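Every value quoted in this text rests on a predicted model; they were computed, and no experiment measured them. A note on names: the letters A, B, ... follow the listed sequences, proteins ahead of strands, and every chain is numbered from 1.
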Number of protein chains: 2
Amino acid sequence: MQEKIAQRKADLFKAISHPTRIRILDLLSDGEHCVCDIFEGLNVEQANTSQHLSVMKKQGILQSRKEGLRVIYSIKNPEVIEMLELANQILKKEADEAMSTFAGVAEK
Amino acid sequence: MQEKIAQRKADLFKAISHPTRIRILDLLSDGEHCVCDIFEGLNVEQANTSQHLSVMKKQGILQSRKEGLRVIYSIKNPEVIEMLELANQILKKEADEAMSTFAGVAEK
DNA sequence: GCTTTCCATCAAAAAAAATTGATATGATGG
DNA sequence: CCATCATATCAATTTTTTTTGATGGAAAGC
């Protein structure tokens, strides 16, 4: 793989790699929301929320449109949701493993 | 979503979010390799490679085994490969859009 | 037991990202 | 025009990551 592409791909992943941004994506995964909904819903500073949104928009993860005073954000690429689901699967598998390890110990 | 889970998920994404680590995953996507192959193949310092590998191993993305003097790394969860493929799709779509925008301009 | 090879770890420096509070912008209503 | 509401931007600070060079440890061959 070329270094340039690896960099671009890393930027994409990086734009997702923050707990607040993950929660924003989770909130947006069932439809668009205005900024006010987002920062109030997640209990994050407005300025901070705005910056997280802009990071994701810059990387093409989100899109936005104006509606009066408000700005409505939504997920641009559904692939992002699939990526989050895959992450879920990994964590689930991990939890299962931890569980069976525990069971194994209990058996001894 | 709980804050704890969002944090864990962010850590997982973060462990992928580096150009060198993306290239390592790409190299490992078709099978296991020893550290020496990796850092020589990617032309990265040995110490640096080792640290990137440990970041990914810590997050459960990679696993390793010893074989004589060598340490052989491999991808632990195939979901990671799927995540990279989804990222590819997003970048591809983006490139297509840029292309058609360019074509649109040329038409005018 | 030495030496060499392969890899991990450490600590310091450098670079990048996140948070915060203050301020700016821009649409809307009066 | 003025005030207000929703959001964005900015600059300073703090925190986190990354890189680098040096060193340490463990397996293998001699």
Considering only distance and modelled atom types, tabulate donor-acceptor pairs under 3.5 Å from the side chains of residues 39-49 of chain A, sequence neighbours left out.
from, atom 1, to, atom 2, distance (Å)
A:N48, OD1, A:H52, NE2, 3.1
A:T49, OG1, A:E45, O, 2.9

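- The separation between B:E40 atom CD and C:dC6 atom C1' is 10 Å, rounded to whole Å.
- The hydrophobic cluster containing B:I72 does not contain B:V80, counting ILVMFWY residues as joined when their side-chain heavy atoms lie under 4.5 angstrom apart, directly or transitively.
- To the nearest angstrom, P of D:dT18 lies 12 Å from CD1 of B:I24.
- Between the side chain of A:S17 and the main chain of B:K14, a donor-acceptor pair closer than 3.5 Å is present.
- Checking the phosphate oxygens (OP1, OP2) of C:dT19, a side-chain nitrogen or oxygen of A:H52 falls inside 4.0 Å.
- In this structure, B:E45 places its CD atom 14 Å from C1' of C:dC7, rounding to the nearest Å.
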*When you look at B:V71 and B:R65, which way does the side chain to side chain contact (heavy atoms under 4.5 Å, CB included) test go after all the steps?*
CA-CA 6 Å; B:V71 177; B:R65 64 186 172 83; over 6 Å; no
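- Atoms CZ (A:R21) and C1' (C:dA17) sit 8 Å apart, rounded to a whole Å.
- Computed from coordinates, the A:D11 CG to D:dT17 P distance equals 16 Å when rounded to whole Å.
- The stretch residues 55-74 of chain A touches DNA chain C through A:K66, A:G68, A:L69, each having a heavy atom under 4.0 angstrom from the strand.
- What separates CD1 of A:I16 from P of C:dA18 is a distance of 13 Å, to the nearest Å.
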*Intermediate values then yes/no, side chain to side chain donor-acceptor pair (under 3.5 Å), A:R23 and B:Q7*: CA-CA 9 Å; A:R23 292 203 296 152; B:Q7 176 68 61; over 6 Å; no
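- Of all the heavy atoms in A:A6 and B:I22, the pair that sits closest is O-CG1, 4.1 Å.
- When the shell of 6.0 Å around NZ of A:K93 is examined, it contains more than 12 heavy atoms from other residues, nucleotides or ligands.
- Atom CD1 in A:I22 sits about 12 Å away from atom P in C:dA18, given to the nearest Å.
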For nucleotides 9-13 of chain D, list the nitrogen or oxygen atoms of the protein found under 3.5 Å from its nitrogen or oxygen atoms, one pair per line.
from, atom 1, to, atom 2, distance (Å)
D:dC10, N4, A:Q51, OE1, 3.2

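- Atom P of nucleotide D:dT17 and atom CZ of B:F13 are separated by 16 Å, given to the nearest angstrom.
- Checking D:dT7, C:dT19, C:dC7 against the side-chain heavy atoms of A:H18 singles out C:dT19 as nearest.
- A salt bridge does not link A:K92 with A:E94: every distance from a Lys NZ or Arg NE/NH1/NH2 to an Asp or Glu carboxylate oxygen is 4.0 Å or more.
- Although no hydrogens or angles enter the test, the distance criterion places a donor-acceptor pair under 3.5 Å between the side chain of B:N77 and the main chain of B:G60.
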